[in-house]
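For reference, the structure is listed below as structure tokens.
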Amino acid sequence: MKNIRKIISILIIATTLQNLIAQNTDFPDCIMMTIPGDPATSAAVSWRTLLDDSISIGEIAVVDATPYLEENSISQTGTFSLWETGSTDYMGHKVVFNGLKPETKYVYRVGNGRNWSEWFQFETSSNKPEPFSFLYFGDIQNNIKSLGSRVLRQGFTHYPDADFMLFVGDLVNASKTDLWEQFFYAGGWMFGMKPSLITPGNHEYRKEEDLSRSFSNHWNQIFTLPENGPVTKIPNHGYYVDYQGVRFITFDSPAIMYNEVTRELVLEWLDKTLTENPYRWTVVFTHFPVYGCSIGRDNAEYQNAVKPVLEKHGVDLVLQGHDHTYCRGQNLEHVDASSDNKPMYIVTVAGPKMYGLGTNFWSDRVASNTQLYQRISFSGNTLSYKSFTVAGDLYDEFELIKNKAGVNRLVESNAIKNINQHTDIPERVKGRYTEEDLRKYNQKYQKL
């Protein structure tokens, strides 16, 4: 019996050591592809290794069906810095591939010349207004490995042909290494094959003891985004990308609320970037909603600052997160009458943290207690929108059809007429409702 116990102990120790060795190697992990500029001619990749690895190399080649990819690859030297400010464990690496050909399939790998990642395959965009689609995710934020992973993987397997992924902030609950590791566990190889467009949320900021806020220690190492934003002192916080005839614009909405000087700079830049937009379609994506979607989350100061700029330019879609509920609508009663085109405002949530719906009732379609993902596509004068639950079931759908004057006509889907809206209030947030709130809420949704 003693010998058996000794053997078991030895096996446990050996297995533990083997796991530690497997986890602590110089092989790249936490691989993320982003769009650093023109998506038709460039791609950026970041990754992580142990601290003593200070060599950053990317190899890229046009897709070949043979297994001898390195023979035709071009080597590109990247940069390195600590994966987290002050880290004593990990080094972060970046490489930017420029001079790529539009509508071309490529393979790439990253490493230090000795230890490499696997080869990842991707395709550059067209440099013309061709049809395309993307996946839109709200806050992942909490229980990322166990529950946030569901929505990422369901969205990707449902629409593997989506051209990129778009995240509207609060990717993690706090910018800590273990939470980012959960995020990369959830996205895995998908993040290495599909580029992402990202914007910061309030959880990318940390409150200090003096109540000031400091930004994520990981963000700028993980994400390489266009350098055409409003504030040079905070790179990767705001930018625009022109993708096949659509201008995507994002700005750091928490920064607008935390700093008045930054607010003016961002709003001036937003107005200028919308004014100079050469394309018929415009998507703005940011974290804070213009119209609150959950109880007690209305922000008049933010709304009064941002809404006039969006409506002045007739932005087509405004994609948002933050409120951990779902709302979709144009709120026509409160749109500036001088605005020819009426923005479609959308708030959504991907992760498992849930709030209760608000009582301002501005939206045409709502959901609470529901994890969702969205697939949005553009083709000529038509924008098609579909929202799905994490179970893969259609929940919301519409089209915007743009006329020659640039004004959209909303076409609601018949398919959603028989889909009941999810309006149950999560138990843990019921205390946020007053008796009057509950009366209004029950009166509004009693037939659902």
Side-chain angles (χ1 to χ4, degrees), residues 34-44 96 98-104 123-134 136 162-164 166 168 195-199 224-232 235-252 265-286 290 306-319 330 335-336 338-346 376-385 399-410:
T34 51
I35 298 173
D38 183 354
T41 61
S42 66
V96 177
N98 287 310
L100 306 180
K101 297 177 181 178
E103 297 182 84
T104 303
E123 185 172 1
T124 53
S125 76
S126 173
N127 55 4
K128 302 173 183 177
E130 299 289 345
F132 70 95
S133 67
F134 66 96
Y136 155 41
D163 292 277
F164 58 88
L166 184 149
V168 289
S196 292
L197 293 180
I198 316 282
T199 195
T224 308
L225 302 165
E227 297 178 355
N228 53 21
V231 186
T232 56
N236 289 335
H237 287 229
Y239 56 92
Y240 68 88
V241 168
D242 295 331
Y243 200 101
Q244 295 184 188
V246 181
R247 173 157 289 187
F248 289 82
I249 305 172
T250 187
F251 58 91
D252 184 337
L265 290 171
V266 170
L267 292 176
E268 287 177 11
W269 171 85
L270 178 62
D271 183 61
K272 180 175 183 291
T273 305
L274 287 166
T275 299
E276 296 174 351
N277 179 15
Y279 302 107
R280 300 193 74 203
W281 290 105
T282 311
V283 176
V284 169
F285 64 103
T286 191
V290 169
V306 174
K307 178 175 174 283
V309 182
L310 301 177
E311 295 183 358
K312 169 187 173 182
H313 294 281
V315 169
D316 299 297
L317 276 185
V318 184
L319 307 180
Q330 293 176 305
V335 173
D336 185 341
S338 65
S339 176
D340 292 329
N341 197 46
K342 318 303 182 187
M344 179 66 78
Y345 296 98
I346 299 170
I376 301 172
S377 62
F378 289 87
S379 181
N381 292 324
T382 302
L383 181 162
S384 299
Y385 173 95
E399 287 187 341
L400 295 178
I401 300 175
K402 191 177 291 291
N403 65 20
K404 292 181 180 180
V407 178
N408 296 331
R409 175 169 59 89
L410 171 63

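Along the sequence shown, residues are numbered consecutively beginning with 1.
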Is there a side-chain contact between Phe132 and Asp163, using heavy atoms and a 4.5 Å cut-off? yes
Could you check if a side-chain atom of Thr41 sits within less than 4.5 angstrom of a side-chain atom of Lys101, using non-hydrogen atoms only? no
Atom pair CG (Asn98) and CG (Asp38), whose distance is rounded to the nearest 0.5 Å: 9.5 Å
Side chain to side chain contact (heavy atoms under 4.5 Å, CB included) between Met344 and Ile346, intermediate numbers included: CA-CA 7 Å; Met344 179 66 78; Ile346 299 170; 4.2 Å; yes
Under 3.5 Å: donor-acceptor pair, side chain of Glu399, backbone of Thr382: no
Would you say the side-chain atoms of Asn236 pair up with the backbone N or O of Leu225, donor to acceptor, closer than 3.5 Å? yes
Contact check, side chains of Glu311 and Pro343, non-hydrogen atoms, under 4.5 Å: yes
Might you point out which heavy atoms bring Gln244 and Ser126 nearest each other, and give the distance in Å? OE1-N, 2.8 Å
Got a donor-acceptor contact below 3.5 angstrom from the Glu103 side chain to the Ser125 backbone? no
Would you indicate whether the side-chain heavy atoms of Phe248 and Tyr240 approach each other to under 4.5 Å? no
So Pro226 and Val241, do their side chains get closer than 4.5 Å, heavy atoms only? yes
If you round to the nearest 0.5 Å, how far is CG of Leu310 from CG of Leu274? 7.0 Å
Calculate, to the nearest 0.5 Å, the distance between atoms CD1 and CZ belonging to Ile35 and Phe164 respectively. 6.0 Å
Looking at Asn127 and Pro102, would you say the former's side chain and the latter's main chain have a donor-acceptor pair under 3.5 Å? no
Is a donor on one side and an acceptor on the other found under 3.5 Å between the side chain of Ser196 and the backbone of Ile198? no
Non-hydrogen side-chain atoms of Ser377 and Ser384 separated by less than 4.5 Å: yes
Thr224 and Pro36, any side-chain heavy atoms less than 4.5 Å apart: yes
Output all residues satisfying salt bridge (charged side-chain N to carboxylate O under 4.0 Å, His left out) with Lys272, sequence neighbours left out; order by chain, then residue number. Glu276
Is Thr282 reaching over with its side chain to a backbone N or O of Asp316, donor-acceptor style, under 3.5 angstrom? no
Nearest non-hydrogen partners of Leu100 and Ala43, listed with the distance: CD1-N, 4.1 Å
Atom CG in Leu383, atom CZ in Arg280: separation rounded to 0.5 Å? 12.5 Å
Test side chain to side chain contact (heavy atoms under 4.5 Å, CB included), reference Pro230, set Leu270, Thr273, Val266, output is Val266
Starting at CG of Leu319, measure out to OG1 of Thr286 and round the result to the nearest 0.5 Å. 10.5 Å
Distance-minimising heavy-atom pair for Gln330 and Lys342: NE2-O, 3.0 Å
Would a distance-only check, ignoring hydrogens and angles, find a side-chain to backbone donor-acceptor pair under 3.5 Å from Thr250 to Thr199? no
A quick test of your reading: do over 12 heavy atoms of other residues, nucleotides or ligands sit less than 6.0 Å from CD of Glu227? no
Please give me the minimum heavy-atom distance between Ile376 and Tyr385, naming the atom from each residue. CG1-CD1, 3.6 Å
Are Phe378 and Tyr243, when compared by the centres of their aromatic rings, separated by less than 6.0 Å? no
Quick one: does Trp281's side chain have a donor or acceptor within less than 3.5 Å of a partner on Gly380's backbone? yes
Taking the side chain as C-beta and beyond, is there a heavy-atom pair between Leu317 and Val284 under 4.5 Å? no
Can you confirm whether the side chains of His313 and Asp271 place a donor and an acceptor under 3.5 Å from each other? yes
Pair Asn381-Lys402, side-chain donor/acceptor within less than 3.5 Å: no
